[in-house]
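Below, read A as the first sequence line, B as the second, and so on, with proteins coming before strands; counting in each chain starts at 1.
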Protein chains: 2
Amino acid sequence: MLDLAILGLLEQGDLHGYELRKRLRQQVGLIANVSFGSIYPALARLEAAGAVESVESGQAATTNLPPVPPTGSLSGERAVLRSRRYALGSRGRRSRKAYRITSLGHQLFLELLSGNGRDDARSFGLRWAFARHLTPAARLALLERRRAQLLQRLSEMPLPGGDERMDGYARSVLEHAAAGVESDIRWLDRLIEAERGTHRASPRHRVTRRQAPSTARSSS
Amino acid sequence: MLDLAILGLLEQGDLHGYELRKRLRQQVGLIANVSFGSIYPALARLEAAGAVESVESGQAATTNLPPVPPTGSLSGERAVLRSRRYALGSRGRRSRKAYRITSLGHQLFLELLSGNGRDDARSFGLRWAFARHLTPAARLALLERRRAQLLQRLSEMPLPGGDERMDGYARSVLEHAAAGVESDIRWLDRLIEAERGTHRASPRHRVTRRQAPSTARSSS
DNA sequence: AGAAAGTATATCGAGTCGATATAGCGACGT
DNA sequence: ACGTCGCTATATCGACTCGATATACTTTCT
């Protein structure tokens, strides 16, 4: 499940483990708290499978380090030292192994994305976050499969008044959980409707690299 | 985390592994999909720690098997055989090892319940489901600790417009996740208010074994 | 100069999941 | 009378994830 997330992030540029973790935390809110104990084994696994290759990058694809930090006090000599270090081809930088996705990895990514592996909340959210890589038909299928699963789960949930062994506390947990599932289903219904709209608007089979349906947000 | 759930269920009667799993699925909706690969190691762990002991129970504490199944067709001879089998002290029943909680286990249960182990959504839901075993003060502390954590998490969440690399699909996942956290916080606020109500109503320190605050439900 | 904080890679044990193997047993059809 | 289907019940396996921890280099603060 982590493989899909890693491959999806590597689709948009080479990354090393540490940066990968940061992006996972901030771009994919569902997968917060991924630890290095998951990331590095996953990278090694993917590399062994030939899905990614390690590139010995001095600087990664995204260098967001400003050359002059805003300290502004007696930075004369320091700046000299620093610029000298930078000029040496970014030596002194710790050895950072960046990973690049291969064509086989891209293939695996699409497989994981549309394959019918078990999907819980996290797995579905992950897939949907990368839904732009799917065809409109596959997107609709994904949404409706998830909806059916949630409906199934809701029907299997015990109604809170059913069991006499439960007190109010246990009941409130159950009620809240059921409300969460219902909320998820309503969310999916909105997504399905929006998706149907774009689908009807462009009935071609080809995926015409367009931006996503934007779900009617008002705030900036 | 599963230990707490198991001990909590054993508090209200001896159970064997299979029944334990059924109860976990239906009484604690959050811990759905616990597999035997988790339950049996957990039971062995708890038994090794002296928190539970295995009792060789012919029939468990809850025998919900009706002596006459509603078949109603030529059950004459079969009923004889069946009643004879039952009369033999429920032999023929497969060897079912039931587990009973010990006093040390009860102590461990209270420790896990009020201890400050990391709590995600599942862990908190589990604790709250067993909140009747806590003092009113401990209940309030649990709720407010969880509320603070959710608020923290909400503040750390990336606002969906912040990152240019995200398309509408990734954004919609983030928005829904944030909405879920907000919904959880509102739920906690309702629980806190209800809890404060009962707390003020009985300002004693003693826990007076009363039913829970029932959260204003209208349906049966 | 030295402490503190941030960047980066790696490993370990414990816990969990999903699949699978195994058996006893009741119900059901033919 | 028989097989077999499905439910009850216990158990184990490999793969995966988490949280903690170790290490080490760089930058920034004091």
Handout entry: Gap separating the CG atom of A/Asp3 from the CZ atom of A/Phe109, nearest 0.5 angstrom
Key = 12.0 Å
Practice task
Supply the atom-to-atom distance A/Tyr99 OH to A/Leu43 CG, rounded to the nearest 0.5 angstrom.
Solution key: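 Nearest 0.5 Å value for the OH-CG distance: 5.0 Å.
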Could you state the [atom1]-[atom2] distance from [X] to [N], rounded to the nearest angstrom?
X       : N      : atom1 : atom2 : value
A/Arg21 : C/dG6  : CZ    : P     : 13 Å
A/Arg25 : C/dA8  : CZ    : C1'   : 15 Å
A/Glu19 : C/dT7  : CD    : P     : 9 Å
A/Leu20 : C/dA10 : CG    : P     : 13 Å
A/Leu43 : C/dT9  : CG    : P     : 9 Å
A/Leu24 : D/dC18 : CG    : C1'   : 14 Å
B/Phe36 : C/dC17 : CZ    : P     : 12 Å
B/Lys97 : C/dG24 : NZ    : P     : 17 Å

If only side-chain N and O atoms of [X] are considered, is one of them under 4.0 Å from the OP1 or OP2 phosphate oxygen of [N]?
X       : N     : value
A/Tyr40 : C/dT9 : yes
A/Tyr18 : C/dT7 : yes
B/Lys22 : D/dC7 : no

Exercise for the section: Without swapping roles, check the side chain of B/Thr102 against the backbone of B/Gly50 for a donor-acceptor pair under 3.5 Å. Expected result: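 Yes: the side chain of B/Thr102 pairs with the backbone of B/Gly50.
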What nitrogen or oxygen pairs link the protein and nucleotides 14-16 of chain C at under 3.5 Å?
residue : atom : partner : partner atom : Å
C/dT16  : OP1  : B/Leu2  : N            : 3.3
C/dT16  : OP2  : B/Arg45 : NH2          : 3.4

Problem - Other residues, nucleotides, ligands: >12 heavy atoms within 6.0 Å of A/Arg145 CZ - result: yes
Practice task
Under the side-chain contact (heavy atoms from CB on, under 4.5 Å) rule, collect the residues that match up with B/Arg100, sequence neighbours excluded.
Solution key: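 B/Arg100 satisfies side-chain contact (heavy atoms from CB on, under 4.5 Å) with B/Asp14, B/Glu53, B/Val55 only.
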Handout entry: B/Glu175 and B/Arg171 ion-paired at < 4.0 Å
Key =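 A salt bridge is absent here (no side-chain N lies under 4.0 Å from a carboxylate O).
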Handout entry: Residue pair B/Glu11 / B/Phe130, side-chain heavy-atom distance below 4.5 Å
Key = no
